[in-house]
Every structure is written in C-alpha cells, then in structure tokens.
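Within every chain, numbering begins at 1; the chains are lettered A, B, ... in the order of the sequence lines, protein sequences first and strands thereafter.
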Amino acid sequence: MAVVEVRISLPYKGKDPTEIAEKIKEKFPDEVVDVTNFRDQVSVIVKKGRIVDICRYLHDDPLLLFDHLQDLCGVDYHAKKDPRFEVVYNLYSIRHHHKIRIRAQVPENDPNIRTVTAIWVGANWHERECFDMFGIVFKGHPDLRRILLPEDWEGHPLRKDYPLKGPEPEKDWHGFIEVLNRSKELKEYEWEE
Amino acid sequence: MLIDTSTVGLIQVEEGTKILPPNVIITTFDKIINWGRLSSIWPTTFGLACCAIEMMAAGAAHYDFDRFGIIFRGSPRQSDCLIVAGTVTKKMAPVVRRVYDQIPEPRYVVAMGSCACTGGIFRTYNTVQGCDTFLPVDVYVPGCPPRPETLIEGMMKLQEKIRKEQARWSPWR
C-alpha cells in the first residue's frame, strides 16, 4: 500500500503574546502595573480604572481583534497580595488565533469594577458568578444577581476567609434549616414498618 | 361441584403457600401483596448528578431494570420509591424533599452513591452531608458512582425488605 504523505499547513498563529502585551503597555502606559510570563502564557496586570477602555481597544483593534472572551473569573489573594482581588479576563481572537490574559486589580474595601458586558455579551453570567463567589460588584451590569447559590445566601464562599465547611449548623442557609425542621415535623406521619 | 379435599389434599409448595389442584392457591395476604409490590417497584425519574448516568444505564437495555419490574415513572405521585442519585446541595434539598413528600405511602428511599449516603468527598459549604439528614433512607448503595450492578443489588435488597414486611400495605398495620 502506498504511503500517502499528508501535509497540513498549520494555522496562522497570530501575534506573540509578549508583543500584544507591549502594545497594551504602549497604548495605556499609566494603566499597566506589570507583565508576567509563565510558560508563554502572558498576563498583563492592569489597574481597574480604565478596564473597559482596554477591553474595547483589544476587541476593536483590527490587528488584535479579541472577539472571544474565553473566561472571566476572580481570584482572592487574601493575606498574600495587596490589592486583595483580581478579575481575570482570558481573551482569544478567532481571526488571528492569539491569546492574552488581562488581570485587573480590585481592592478589598468596596470591591467593584466596571462591567464588560457591552463588549462581550457572554461576560454576563461570568460576572454574575464572580459576584456570587467573591462579592466583586460589576458596575453597570444589567442583571447582577447570584447565579449559583440561593439568592438570600450570606457571604461569598470562594473568598479565602470564608469557612471551608460552611457556616455553623444553626447559622446555615434558612431554606436548608426549614427542610430539616419539616422532615422532623412530618416524621410522625411516616408509615413505620 | 364441591371438591372433596380428603381425596385430593393440599400440597405445600413452599413455606406458607399451599395449592389445591387444579387451581386453588391458599396463602397469606402479606405474601401475595408483598410479592406484587416488590415485583413492580416504580422509582421516580429523578437524578441529581453523575450517579444519575449510572441509574439511566441500569434502566437501559443492557442492564434492564424492567426485568425486575422496576420502571421509572415520570410522576412522584404514581411511584413507590425515590432513588437519590447524586450530590444533594443545600439549594436542591427542598426540591428533593418536595419530590419525596409527593410520593404516596408506602414509599422507600434508596441513597445512591457516596454523596447521597454521606456527602462523599464534598465536606463543603453547599453540600448536604448525606440525604438521611432529611429523608428516611431504606437502602444505602455506596460507590462513586456505583456501577449498575451495584444499584441492581441495592434494589434487590429493597425487594428483600419489602418481602419481609407485615401488613405495611394495609390500613390495619
């Protein structure tokens, strides 16, 4: 049987992430705090003030064209870094096949940042999750409610100072306490064997 | 025509069941009703997490729950049994309890998988540490997730339990 050689032309890899980081630094010199590189994954750490402008630039610039927000999440650097929180934007360009990570610093007292839902509609639920888990308020968000936990849950469980095993049994979410009480009440009506 | 029992005689086919040929069977209500009930356990179609995938596999053609008379029923009001298949979160606990409350008596609960039995690996803020905190569980099926064979064994344990019951089906219990 004849061996057929198949040549696959690799897709155009787009810009090098360090180059993109340089472009951001050039455009917003006062906003970029630091640029880190871990195994060719480049993060640009920025201040939160002009995050919408930075994202708008990354989204609209024809050479960058970051049209896909892969993920948006929060980080808590409790007792490790100041400012305490970071909001991480993982961006990808479907046209150019390049990526960059933007990390916006958010302080501990009054944690808030502007929303990017006007740029990527998909940021909506990600920002709600970030609010749910870290308590970071996204200003201008169209519908900032908790997304995973019950709406009247107290606290933000992915914060490092939140107890891992959850609140004490008597301070538990009232809906669960109601279920426990109801199961006690209805026990007398069970058909015992 | 009256049958002369002195000439035919009752034949004991097993403990507590006698046959008078050709077609008279003498047994207890318990025996025949329990037999009927254990041969037609209808669990509610209700899954919570990955265990539900194994439960579906047990119900599908390869493992075939139907041969035990176990048919998933789409409404809790017409089922006998609740298989808690998966992690019960605190947000989901009121829903699980409501499904259970809608099942008419006599009813049974099978806790399927480590999470439903004890909370499993999730000793966290949002996981209920075992569905027996708010449900009376009859059979615990351990595993993460348990294989369909394990769930079948669990259901057979439930059948054994029903077989031994005395007049639980009746108002004179």
Side-chain angles (χ1 to χ4, degrees), chain A residues 73-76 78 84-85 111 125-126 128-136 143-193, chain B residues 30 33-34 37-38 80-82 84 87-109 111 118-139 158 160-173:
Chain A
C73 57
V75 194
D76 182 6
H78 180 55
R84 181 176 163 184
F85 297 106
W125 284 17
H126 290 105
R128 278 177 66 186
E129 188 190 6
C130 190
F131 164 69
D132 196 353
M133 292 295 158
F134 294 98
I136 297 169
D143 182 27
L144 196 67
R145 288 177 293 133
R146 283 182 185 272
I147 190 168
L148 295 170
L149 290 167
E151 287 189 14
D152 46 2
W153 189 275
E154 278 172 28
H156 300 281
L158 244 51
R159 288 190 175 189
K160 293 293 175 200
D161 50 0
Y162 191 89
L164 181 68
K165 293 176 182 176
E168 300 295 312
E170 62 273 8
K171 287 181 197 162
D172 217 331
W173 176 54
H174 74 89
F176 184 59
I177 291 173
E178 277 165 27
V179 169
L180 295 179
N181 291 339
R182 194 160 82 229
S183 76
K184 271 178 211 150
E185 274 168 35
L186 297 177
K187 202 168 177 65
E188 61 178 299
Y189 303 108
E190 303 273 347
W191 283 22
E192 293 299 329
E193 201 185 320
Chain B
D30 260 343
I33 292 177
N34 284 347
R37 292 185 53 235
L38 71 88
D80 311 297
C81 165
L82 177 67
V84 184
T87 319
V88 188
T89 57
K90 282 174 185 166
K91 196 179 178 183
M92 199 65 187
V95 183
V96 179
R97 181 69 208 191
R98 177 170 290 187
V99 170
Y100 172 76
D101 284 341
Q102 289 182 77
I103 300 174
E105 290 276 11
R107 57 191 166 182
Y108 306 91
V109 177
T118 63
I121 57 169
F122 302 109
R123 183 67 191 92
T124 57
Y125 60 94
N126 64 340
T127 311
V128 178
Q129 299 301 302
C131 70
D132 51 2
T133 50
F134 63 97
L135 291 177
V137 177
D138 293 282
V139 179
L158 181 61
E160 287 310 308
K161 183 172 180 168
I162 297 171
R163 203 191 297 276
K164 285 180 195 144
E165 278 173 0
Q166 290 186 332
R168 188 172 175 185
W169 44 271
S170 78
W172 313 295
R173 98 203 111 76

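Between E190(A) and Y100(B), the closest heavy-atom pair is OE1-OH, 2.7 Å. Here the closest non-hydrogen pair linking Y125(B) and W153(A) is O-CH2, 3.5 Å. The two residues G175(A) and P94(B) have their closest heavy-atom pair at O-CG, 4.3 Å.
The contact between L148(A) and chain B is made entirely by backbone atoms, counting heavy-atom distances below 4.5 Å. When heavy atoms are compared at a cutoff of 4.5 Å, Y189(A) approaches chain B solely by way of its backbone atoms N, CA, C and O.
Side chains of R97(B) and S183(A) form a contact here, defined as non-hydrogen atoms less than 4.5 Å apart.
Heavy atoms from other residues, nucleotides or ligands lying under 6.0 Å from CD of E160(B) number more than 12.
Residues satisfying the side chain to side chain contact (heavy atoms under 4.5 Å, CB included) criterion with D172(A), sequence neighbours excluded, are P167(A), F176(A), I177(A), K90(B).
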